[in-house]
Amino acid sequence: MNEEKRATFGGRISAVLVAAGSAVGLGNIWRFPYLAGENGGGAFLVIYLAAVLLIGLPLMLSEFSLGTATKRNAVGAFRQLDKRWVPLGYMGVLSSVLILGFYLVVAGWTAEYMIHSLFSDQVQNTDPQSHVEAFNNFISNPWKPVLYALLFSVATHLIITRGVQRGIERASKVMMPLLFLALAVLAVNAILMPGGMAGLRFFLAPDFSKVTAETFLMAVGQAFFSLSIGLGTMITYASYFKKGTSVRGTALQVTLLDTVVAVLAGLVIFPTVFSAGLEPGSGPSLVFITLPSIFCKMPMSALWSTIFFLLLVLAALTSTISMHESATAYLEEEWKMTRRKAAWCVTIFTGLLGIVASLSLGIWKAHTLFGLTFFDLLDYLTANIMLPLGALLTCIFVGWKVDRKIFEQQLYPDCRSGFAFRLVRFLVRYVCPVLLVVLFADNIGLM
Ligand code: PFF
């Protein structure tokens, strides 16, 4: 497809909003707190922040550069620069589709919680145990969560087929500032609750005694998941950047926004967990059993709960759109399908994955592989294996295969690069690959 025919985002602010829309989502508000809760709180936060800075940001700069340099989807970008690396693009597209499979399920839960807040008085129930029961009953129901996941899938499909710019930009523009505001208000509320300080200590004071090699892998995997990198989504998105959009500025702002939202989510969740006497290591249910405990203590609980879950729905939607777009753009450009047909293929396939993932938490719970349900398997396989592997290979590609000038030109199009560029390149060439190899070796027991 030639450059004129490709869609572009409206400009600098839009680029930031749209890329941040992909990054900020359930990864920040659902996945980050539950992993931090299971892996020692503050210690996980420290490792996570280091991973974002040392590997996440350089990798985002690399993926953006591949996108702006080639103006192609994740597969096309590698095809244009070096055909032998095309499989890396395939792995990325596969990762987006697999993530979408379980992400749609959790996104469906947020939609159910939003609607439930409007029409039921469960929100006013102050017994934390009743929230745990309500959640477990809901996710193991054979119909409801499946229908919500499919609803989410259809909503994503509709936005994708209406085109890149209108849908995604608009949703991100409204959602992002409101989400910040809501999280900040909730964080203050949570910290002021009796027992809230103990939660704050858990989240901010690192206790490294619980840290293992796996904690590092989890933190690094979460950094990639949260920043939407290691799978080519950001290559696809950057390919729509308008000429003149700053790659450096956009990457910095997206990384910062994404990290602030994750930290804010921690500041909401952990004080509430401790105040309500819940378990920080409750796993994927953590946010869904904790948030109702904070809403029920607030005046106008139903309204607060509805607004917050609506924001979560929007945050999840701007992320599902980006995963869907990555796969749709691939089919459209590489297989020459119409956009409509490409989008249907992705929607149907990920919808089926979503159905199986959802049922694997209820009636198909007994069917496991390596001790994991299908839902957990998709999550583990993508975040802890495919994304770190994709990230490692992308660093090697950008650091060692792509001409230095191409990378430099994307980051510094109209001025001479200096120390900062040399530092980024050093991180991409040496630090990221070495850290990722050590991490893998350590986790498969080679070290
Ligand atoms: N970054 C998203 C989140 O934190 O919710 C999830 C995600 C979106 C992962 C897009 C991967 C991706 F390509």
Side-chain angles (χ1 to χ4, degrees), residues 17-36 48 51-52 56 59-60 63-64 66-67 73-75 89 91-110 152 156 159-160 168 171-172 175-176 179 183 218-239 251 254-266 284 287 311-330 346 350 378-391 394:
L17 278 169
V18 173
S22 168
V24 173
L26 299 172
N28 309 59
I29 292 160
W30 161 72
R31 204 169 183 278
F32 172 77
Y34 100 66
L35 286 179
Y48 175 79
V52 167
L59 196 67
M60 191 180 289
E63 292 201 8
F64 277 175
L66 292 175
N73 63 81
V75 173
M91 186 171 79
V93 173
L94 182 65
S95 305
S96 346
V97 169
L98 294 182
I99 294 182
L100 203 46
F102 73 91
Y103 202 93
L104 283 172
V105 176
V106 186
W109 298 346
T110 61
F152 225 95
T156 308
I159 298 182
I160 285 287
I168 313 174
S172 306
M175 180 266 297
M176 209 62 74
L179 186 66
L183 280 172
M218 297 266 186
V220 170
Q222 170 58 18
F224 296 152
F225 186 91
S226 189
L227 294 169
S228 311
I229 50 181
L231 72 171
T233 300
M234 289 304 189
I235 299 180
T236 309
Y237 261 21
S239 74
V254 171
T255 306
L256 192 70
L257 281 172
D258 188 69
T259 310
V260 171
V261 173
V263 173
L264 274 177
V287 170
L311 291 172
L312 264 190
V313 165
L314 291 178
L317 193 59
T318 51
S319 298
T320 54
I321 291 167
S322 69
M323 287 176 256
H324 198 300
E325 176 63 31
S326 173
T328 303
Y330 157 67
V346 178
T350 54
L378 287 180
D379 184 334
Y380 193 91
L381 180 71
T382 50
N384 295 342
I385 299 173
M386 294 174 79
L387 299 194
L389 189 62
T394 306

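One-based numbering, in listed order, for ligands and for the atoms of each.
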Check for a donor-acceptor pair, side chain of Asp258 on one end and backbone N or O of Asn28 on the other, with a separation under 3.5 Å.
no

Over 60° means perpendicular and under 30° means parallel, so classify the ring planes of Trp30 and Trp109, tilted if in between.
perpendicular

Tell me, do Ser319 and Tyr103 make a side-chain contact under 4.5 Å, heavy atoms counted?
yes

Considering residues at least two apart in sequence or located in another chain, which fulfil the side-chain hydrogen bond (donor to acceptor under 3.5 Å, both in side chains) criterion with Ser95?
none

Does a side chain donor of either Thr328 or His324 reach within less than 3.5 Å of an acceptor in the other side chain?
yes

Give every pair made of an N or O atom of ligand 1 and a protein N or O atom lying under 3.5 Å apart, one pair per line with both atom names and the distance to 0.1 Å, or write 'none'.
from	atom 1	to	atom 2	distance (Å)
ligand 1	1 (N)	Ser22	O	3.2
ligand 1	1 (N)	Ala23	O	3.0
ligand 1	1 (N)	Phe225	O	2.8
ligand 1	1 (N)	Ser226	O	3.0
ligand 1	1 (N)	Ser228	OG	3.0
ligand 1	4 (O)	Ala23	O	2.9
ligand 1	4 (O)	Gly27	N	3.3
ligand 1	4 (O)	Asn28	OD1	3.3
ligand 1	5 (O)	Leu26	N	3.0
ligand 1	5 (O)	Gly27	N	2.7
ligand 1	5 (O)	Tyr103	OH	2.4

Nearest heavy-atom contact between Phe64 and Ala19 is CZ-CB, 4.1 Å

